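Just so you know, residue 1 is the first one in the sequence shown, and it goes up from there. Bear in mind the structure is a predicted one, so any value in this text is a computation, not a measurement.
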Amino acid sequence: ACTGIENIDEAITLLEQNNWDLVAAINGVIPQENGILQSEYGVETLHGPAYGPSSHSAAASSAPSSSSAFRHVVPSRQIVERQPRMLDFRVEYRDRNVDVVLEDSSTVGDIKHILENELQIPASKMLLKGWKTGDVDDSTVLKSLHLPKNNSLYVLTPDLPPPSSSHSGALQESLNQNFMLIVTHREVQREYNLNFLGSSTIQEVKRNVYDLTSIPVRHQLWEGWPPSATDDSMTLAVSGLTFPCHRLTVGRRSSPVQTREQSEEQCTDVHMVSDSDGDDFEDATEFGVDDGEMFGVASSALRKSPMMPENAENEGDALLQFTAEFSSRYGDCHPVYFIGSLEAAFQEAFYGKARDRKLLAIYLHHDESVLTNVFCSQMLCAESIVSYLSQNFITWAWDMTKEANRARFLTMCTRHFGSVVAQTIRTQKTDQFPLFLIIMGKRSSNEVLNVIQGNTTVDELMMRLMAAMEIFSAQQQEDIKDEDEREARENVKREQDEAYRISLEADRAKREAQEREMAEQFRLEQIRKEQEEEREAIRLSLEQSLPPEPKEESTESVSKLRIRTPSGEFFERRFLASSKLQVVFDFVASKGYPWEEYKLLGTFPRRDVTQLDPNKSLLEVKLYPQETLFLEAKE
């Protein structure tokens with residue numbers, strides 16, 4: 001009814017391309033100047049009253065059974081002629097982007113002819129890619145592709161050589177060069193010498209100047225940018241700045257209230273008035289406009305979510321919501337808030353080693369204060385403040401907007417800091433918030449060094465943070481000295497204890513060694529005694545088993561043997577010449593010289609008698625009638 005499209009497949013395709021958003025699909029087909037607009041009454045066209053309150057009510061009265069929000073009421077003999085639809089294309093080729101606007105009755109070849117003039121590339125060498133449909137050639141009509149209003153394409157030129165490496169090398173070299181920008185602040189006649197890499201963007205320069213001059217980017221009036229610097233996203237290397245030094249002048253826009261014509265005029269000069277692409281409307285009240293009225297929407301529609309849930313059971317969960325909501329309001333560049341209870345923040349900040357301790361910064365937020373938005377966006381989220389806090393502070397936050405949360409913090413404050421500090425915070429008015437408490441941990445208590453109110457500046461906030469750091473650093477040096485001395489004493493004591501322990505271990509080891517030695521000696525003595533007893537028993541047994549010594553006047557042949565011991569002693573005995581040599585061995589063993597341990601040697605000739613057959617008689621081994629032998633220990 002709105003577009004004149006009767007093909008159901010085409011209609012479904014358009015709806016799918018717009019995620020089944022009916023208004024977006026209709027606006028994508030009908031040109032913007034002839035499209036439809038949402039209103040509180042329904043949908044109305046810009047041509048006439050075909051869709052409006054009157055037609056809606058008229059259609060409702062004529063067809064009460066229908067519940068459709070779109071009623072097509074066409075006067076008799078009235079033909080609605082469809083205007084040509086305009087399509088926007090952003091075409092990317094290497095490091096360039098070209099914007100092309102054409103009617104949907106144009107062809108793909110028409111796009112190539114426009115790109116041929118812009119890119120200086122023959123149309124025959126181009127491959128235009130990025131179409132969401134199938135095969136597309138130069139004669140294809142754009143209308144037949146059912147394209148959305150905004151499209152992205154890219155050009156390939158496989159038949160053309162790539163750009164020379166010398167150009168890309170020179171560009172890379174420029175990106176790594178340092179540019180010095182001499183920026184003059186017009187109102188205070190002060191110069192700043194700023195160094196930036198060639199890879200930095202113009203927008204980054206303007207944000208840094210905002211930190212120095214407190215002039216928001218959207219209020220900055222610039223002079224001195226080269227004509228080629230047409231976009232704040234440009235890098236300094238390609239913006240045409242004079243290397244290595246370039247002069248610029250910045251000032252504050254004189255009047256924040258502008259007519260539509262003035263605004264359009266200033267938007268044409270990107271060198272004089274910067275776009276506010278990244279800035280929040282933190283001081284929109286300067287224009288006399290309420291946050292909600294700026295966009296023609298009721299303030300209640302823009303009501304913010306609470307920073308912290310009321311009566312949260314877990315402080316860590318409350319801080320997680322606080323951090324998420326803070327990021328959604330003021331961006332990701334903000335202090336890193338400690339997630340956990342206030343007691344855990346104390347432990348993290350105060351109870352580590354002296355060298356690792358930090359100050360504790362407690363940020364108290366209040367949504368109903370007129371200073372909150374400016375303090376958060378311009379001071380608390382300034383890069384210099386964020387960096388300084390992250391290096392030297394543990395930052396903990398709490399929302400004082402809800403009465404229950406306020407009472408809970410005052411209770412914590414009384415417990416940790418005393419009633420005086422709690423009373424000081426209790427008496428603060430809403431418009432004096434937000435507050436920034438700087439806490440330093442001491443041996444016996446926690447001291448509040450400073451209470452910073454919201455009506456301050458970036459420089460003043462930084463000065464007060466640095467002043468607190470000076471006090472803390474002096475105390476920290478004393479704590480480090482005391483801790484080092486205490487550790488030195490403890491090290492000496494540990495060394496003494498270790499030496500004493502080692503001494504005890506040595507004494508115990510010595511005593512145990514002595515005990516083991518005594519036990520071994522006792523064991524060996526026992527073995528020796530047993531061996532001696534055994535040998536003595538053997539000796540006695542052999543002595544008893546010897547035949548009686550024959551008398552000198554015996555009628556039998558008698559051999560007289562004289563035996564010399566290793567100690568030089570001699571002993572003699574008579575044996576029958578018919579006695580076996582074993583009898584001599586037993587006699588020597590009975591005297592304590594077993595033949596297993598001693599050799600019995602003859603003199604002339606020298607021989608080892610123990611090697612002879614013990615079963616032979618003395619006569620046979622020629623130990624008759626007498627012989628002198630001597631004993632020698634075996635090796």
Side-chain angles (χ1 to χ4, degrees), residues 307-308 315-316 318-319 322-323 326 334-366 369 371-372 375-376 379-382 384-400 405-428 432-456 460-480 482-483:
M307 295 292 289
M308 186 175 288
E315 295 175 18
L319 265 295
F322 184 96
T323 302
F326 196 96
H334 61 74
V336 179
Y337 296 115
F338 181 85
I339 305 301
S341 64
L342 185 57
E343 289 81 358
F346 285 157
Q347 291 288 337
E348 182 73 15
F350 304 149
Y351 297 112
K353 285 187 171 293
R355 286 180 174 80
D356 300 332
R357 292 173 193 162
K358 294 184 177 182
L359 285 170
L360 176 63
I362 298 179
Y363 169 62
L364 300 181
H365 185 89
H366 204 302
S369 172
L371 301 174
T372 297
F375 182 84
C376 292
M379 278 156 273
L380 199 55
C381 293
S384 57
I385 300 296
V386 172
S387 176
Y388 196 76
L389 286 173
S390 65
Q391 292 176 8
N392 303 293
F393 290 78
I394 298 295
T395 307
W396 190 82
W398 195 258
D399 184 18
M400 304 287 282
N405 291 338
R406 177 187 178 92
R408 183 172 179 177
F409 177 78
L410 291 175
T411 301
M412 291 188 288
C413 188
T414 303
R415 183 168 68 252
H416 294 293
F417 310 127
S419 58
V420 176
V421 176
Q423 183 61 25
T424 302
I425 297 174
R426 185 180 286 107
T427 57
Q428 297 290 322
Q432 291 175 313
F433 281 87
L435 299 180
F436 215 58
L437 278 62
I438 309 300
I439 315 296
M440 182 175 74
K442 287 197 170 183
R443 296 179 180 87
S444 58
S445 63
N446 300 316
E447 179 181 353
V448 180
L449 294 181
N450 214 331
V451 178
I452 304 173
Q453 295 181 347
N455 55 345
T456 185
E460 183 181 353
L461 177 58
M462 179 62 77
M463 288 175 59
R464 297 179 76 170
L465 292 178
M466 293 174 68
M469 269 304 299
E470 289 181 3
I471 298 173
F472 171 73
S473 297
Q475 180 64 45
Q476 187 181 34
Q477 292 304 317
E478 293 183 7
D479 292 343
I480 291 174
D482 294 343
E483 188 175 76

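- Taking each heavy atom of A422 and T414 in turn, the nearest pair found is CB-OG1, 3.2 Å.
- Note: N405 CG to E315 CD = 10.0 Å, rounded to the nearest 0.5 Å.
- Relative ring orientation between F375 and Y363 is described as parallel, the plane-to-plane angle staying below 30° on a 0-90° scale split at 30° and 60°.
- The ring pair (Phe, Tyr, Trp, His ring centres under 6.0 Å) search around F433 returns H366, not counting sequence neighbours.
- Rounded to the nearest 0.5 Å, atoms CD1 (I385) and CE (M379) are 9.5 Å apart.
- Applying the ring pair (Phe, Tyr, Trp, His ring centres under 6.0 Å) test to F436 and every residue at least two apart in sequence or in another chain returns nothing.
- Between G316 and I339, the closest heavy-atom pair is O-CG2, 3.6 Å.
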Q.
The test is side chain to side chain contact (heavy atoms under 4.5 Å, CB included); show your working for I362 and F409 and say whether it passes.
A. CA-CA 11 Å; I362 298 179; F409 177 78; 4.1 Å; yes
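- To the nearest 0.5 Å, atom CD of residue Q476 and atom CG of residue D356 are 8.5 Å apart.
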Q: Determine, stepwise, if the pair F393 / L465 fulfils side chain to side chain contact (heavy atoms under 4.5 Å, CB included).
A: CA-CA 10 Å; F393 290 78; L465 292 178; 3.9 Å; yes
Q) Under the side chain to side chain contact (heavy atoms under 4.5 Å, CB included) criterion, do H365 and C376 qualify, and how do the steps go? A) CA-CA 9 Å; H365 185 89; C376 292; 4.0 Å; yes
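- Listed for the S387 side chain is no donor-acceptor partner under 3.5 Å among the backbone atoms of S384.
- The backbone N or O of M400 lies less than 3.5 Å from no partner atom in the side chain of R406, so there is not a single donor-acceptor pair.
- Residues I425 and L437 are in side-chain contact: their nearest non-hydrogen atoms beyond the backbone lie under 4.5 Å apart.
- Atom CG of L449 is separated from atom CZ of R464 by 11.5 Å, given to the nearest 0.5 angstrom.
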Q: Report the C-alpha separation of T424 and V448 in whole Å, then their side-chain angles, then the decisive distance to 0.1 Å, and conclude whether the side chain to side chain contact (heavy atoms under 4.5 Å, CB included) test is met.
A: CA-CA 11 Å; T424 302; V448 180; over 6 Å; no
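- Nearest heavy-atom pair, A468 versus I438, reported as atom, atom and distance to 0.1 Å: CB-CG2, 3.6 Å.
- Evaluation of the ring pair (Phe, Tyr, Trp, His ring centres under 6.0 Å) rule for F346 yields F350, H416, F417 as partners, not counting sequence neighbours.
- Looking at every heavy atom in both residues, K358 comes nearest to N392 through CB-O, 3.5 Å.
- Between P335 and V386 there is a side-chain heavy-atom pair separated by less than 4.5 Å.
- Distance CG/L380 to NE2/H334: 9.5 Å, rounded to 0.5 Å.
- Atom CE of M308 is separated from atom CG of L319 by 5.0 Å, given to the nearest 0.5 angstrom.
- Without hydrogens or angle criteria, W396 side chain to L360 main chain gives no donor-acceptor distance under 3.5 Å.
- Taking both residues in full, the closest heavy atoms of I394 and A345 are given as CG2-O, 4.5 Å, listed atom of the first, atom of the second, then distance.
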